[in-house]
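Each chain gets a letter, A, B and so on, in the order its sequence line appears, and its residues count up from 1. Because only heavy atoms are used, hydrogens play no part in the values below, and waters and symmetry mates are left out as well, while side chains stay in.
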Amino acid sequence: MTDEEPPAAEQLALIRATARKAKPRTWRGAQLAEGLPVARVLVDKGLLHLDQFFDYAVPAAMDADARPGVRVRVRFGARVVKGRREGGTLHDGFVVERRADSDYAGPLAPLAQVLSDEVVLTPSLLALCRQVADRYAGALADVVQLAVPPRMARAERDPSPEPLPAPAPPEPGSWARYATGPAYLQALARGDIPRAVWLALPGPHWPAELARAIAATLASGRGALAVLPDGRSVARADAALTELLGAGHHVMLTADAGPEERYRRWLAVSRGAVRAVVGTRAAMFAPVADLGLVALWDDGDSSHAEPHAPQPHARDVLLLRAAEERTAFLLGGLTSTVEGAQLVDSGWALPLAATRDEVRAAAPLIRTVGDADQARDAAARAARLPSLAWQVTRDALAIGPVLVQVPRRGYVPKLACDSCRTAARCAACAGPLELREQGGTPSCGWCGRPAADWHCQECGGFRLRAQVVGARRTAEELGRAFPRVPVRTSGRDTVLASVGAAPALVIATPGAEPVADGAGYAAALLLDGWALLNRPDLRAGEEALRRWAAAAALVRPAGEGGTVLVLAEPTLRPVQALVRWDPAGHAVRELAERAELRFPPVSRMASVSGPAGAVAELLALVRLPPGTDQLGPVPAPGGGERLLLRVPPGNGAALAVALKVGQVARAARGGGEPVSVRLDPTDIG
DNA sequence: AGCACGCCGACT
DNA sequence: GTCGGCGTGCTC
């Protein structure tokens with residue numbers, strides 16, 4: 001996060017350094033480019049662990065085209081047979097530098113082909129990729145593959161539109177509801193680099209607010225980039241931006257545009273023709289010229305984590321960009337992650353929140369039904385829904401649609417206390433307990449300790465259960481109980497963007513809730529309370545609050561009759577935070593707890609997994625930063641084993657470097673079976 | 001990751 | 001003698 005320290009970088013530079021200079025020689029003595037006859041090339045695939053550049057000779061005919069940043073093809077892996085080069089397969093790559101000489105002592109192979117004269121891997125994009133690779137102990141080529149889209153020749157042939165002049169600074173609009181909102185916009189429009197963690201008010205205004213932040217940055221003559229978790233939210237931001245500025249100032253970078261159109265838009269950004277980008281995860285690398293603002297919406301959404309190696313998270317990539325490219329930063333959401341709270345806590349970013357009066361005016365009424373209430377409720381035992389739920393639904397259906405949030409399939413804890421349903425955790429390290437075989441002894445998913453004498457920390461119970469839910473069926477029952485009301489469903493395969501303002505029951509899984517036209521939903525029933533809260537995940541509380549707030553924000557304010565009913569214990573921290581609509585307080589308390597328990601993100605973690613021998617081998621080569629804890633190893637789900645490494649705050653970069661140095665050293669000794677290294681893994685339980 | 005080189009044992 | 005086992009090391 002903000003703990004990167006310089007000595008680590010020197011260590012990496014050392015392992016990258018190569019031998020002495022040599023005059024470029026080439027294999028067949030072909031005619032070479034006169035001025036700078038050497039091209040330093042990043043080879044796209046192969047040697048993934050070696051992670052280094054290779055020098056090639058530039059034939060005279062390619063002198064003009066082989067500029068830094070263009071795509072080339074090179075022969076790689078050739079062998080010398082009787083003084084002649086033979087074999088070698090063609091690989092794609094990028095020229096990263098033109099030079100007068102090479103560090104490589106041997107003869108240089110010539111570039112095979114310049115694929116295109118389009119400069120795609122610009123120096124600043126390369127620098128960003130390098131930083132991301134280092135941050136995650138990954139290979140540069142892997143990051144470049146994430147950052148530069150595949151070439152589509154047709155899109156390259158077409159010229160990009162002429163850039164538009166900077167727009168006028170926008171009016172504050174609904175930003176006036178936030179104490180420092182108008183000042184934040186003014187700072188952006190002035191060309192400053194304000195950094196904020198923005199807690200958005202519930203309701204439909206956040207896309208327009210995000211659009212105004214982008215417009216204010218454009219007004220300063222700089223570019224802006226906003227990353228959102230899914231196509232629906234990008235579409236909302238896009239619509240708001242188009243309404244504010246018209247078309248032409250921005251592009252949408254999402255997967256559903258198709259590869260060619262997407263590359264066309266990416267090129268418009270890369271060429272400086274378009275200065276603002278709204279997009280999903282991959283847009284985090286968008287090469288916006290003279291970037292003035294990076295914005296991220298709802299950083300707790302898991303789709304901000306890139307699944308491909310080295311699995312960078314959009315929040316971290318944008319934090320790197322904000323620091324390196326000296327830009328403003330806006331982390332927005334209805335709730336805050338602990339990482340967001342940490343940015344405020346460290347003083348790096350300022351909170352951007354509304355007054356309590358504005359919160360009260362915007363939020364719906366939140367009511368709760370706990371287990372004790374349900375036990376007393378005869379109707380609930382029969383129909384599995386408390387009578388308050390029936391009452392709220394009946395009343396709300398008189399004035400508008402009702403949203404029913406049900407748990408997603410497979411979204412249940414592995415093991416929980418049989419009596420109070422609290423997730424079962426390891427007594428030694430608080431990792432999640434798992435049952436590896438039927439009837440066996442549960443053991444910790446982190447440190448592997450068996451938990452034969454487990455008892456519940458909350459209620460003292462000693463029986464464990466694997467959880468099952470029937471909430472979807474409950475929702476269906478609800479539909480049958482109101483036969484004249486239409487039932488719409490949104491989830492998994494069919495996600496609705498919006499529903500009408502007329503009374504209806506809208507059943508949705510978390511994250512797939514449609515926006516209700518008009519005033520918003522009259523009520524929401526959150527049926528997934530205990531399933532969300534009891535997940536064996538560090539983020540269970542944060543995630544529950546995030547999902548509840550997302551649903552509750554679609555409900556009209558309490559003053560207009562909006563009601564939210566959450567089926568969860570009212571004494572639990574996330575439930576209280578929802579009732580009081582105090583996401584900031586919740587995040588601050590979660591952060592304090594993580595610090596106390598030495599959990600991420602206060603401590604940083606890496607997971608090392610692979611065949612047992614290989615993990616031990618890598619570990620022997622790694623010089624871990626002082627104070628590193630080793631948790632495990634435990635058997636990994638896909639075979640082999642997994643080890644967690646935990647370092648104190650401020651040592652994240654050192655841990656990444658140590659692991660990278662170890663990986664390279666191990667590869668140089670003949671490698672063997674590969675070991676996967678991941679920083680800040682998201683699935684550690 | 002490929003892929004050739006090399007230094008060992010069993011075969012026509 | 002020669003074919004081929006895969007252990008080892010290099011790739012601009």
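- Atoms CZ (A:F76) and C1' (C:dG9) sit 13 Å apart, rounded to a whole Å.
- By the stacking rule of 5.5 Å between ring centres and under 30° between planes, A:F54 does not stack on the base of C:dC12.
- Between A:F329 and A:W348, the ring-plane angle classifies as perpendicular under the 30° and 60° cut-offs.
- Distance CZ (A:R75) to P (C:dC12): 11 Å, rounded to an integer number of Å.
- Rounded to an integer number of Å, the gap from CD of A:Q663 to P of B:dA1 is 11 Å.
- When the P atom of C:dC12 is taken as reference, atom CG of A:L90 falls 12 Å away, rounded to whole Å.
- Taking atom CG of residue A:D55 and atom P of nucleotide C:dT11, one finds them 13 Å apart after rounding to whole Å.
- Distance, A:D142 CG to B:dA1 P: 12 Å, rounded to whole Å.
- Under the side chain to side chain donor-acceptor pair (under 3.5 Å) criterion, the residue pairs touching residues 58-70 of chain A are A:D63-A:R98, with sequence neighbours excluded.
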Enumerate, atom names and distances included, each donor-acceptor pair closer than 3.5 Å involving a side-chain atom of residues 144-152 of chain A, sequence neighbours excluded.
unit_1	atom_1	unit_2	atom_2	d
A:R151	NE	A:E156	OE1	2.8
A:R151	NE	A:E156	OE2	3.3
A:R151	NH2	A:E156	OE1	3.2

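- Panel note: side chain A:S303, backbone A:P229; a donor-acceptor pair is recorded below 3.5 Å.
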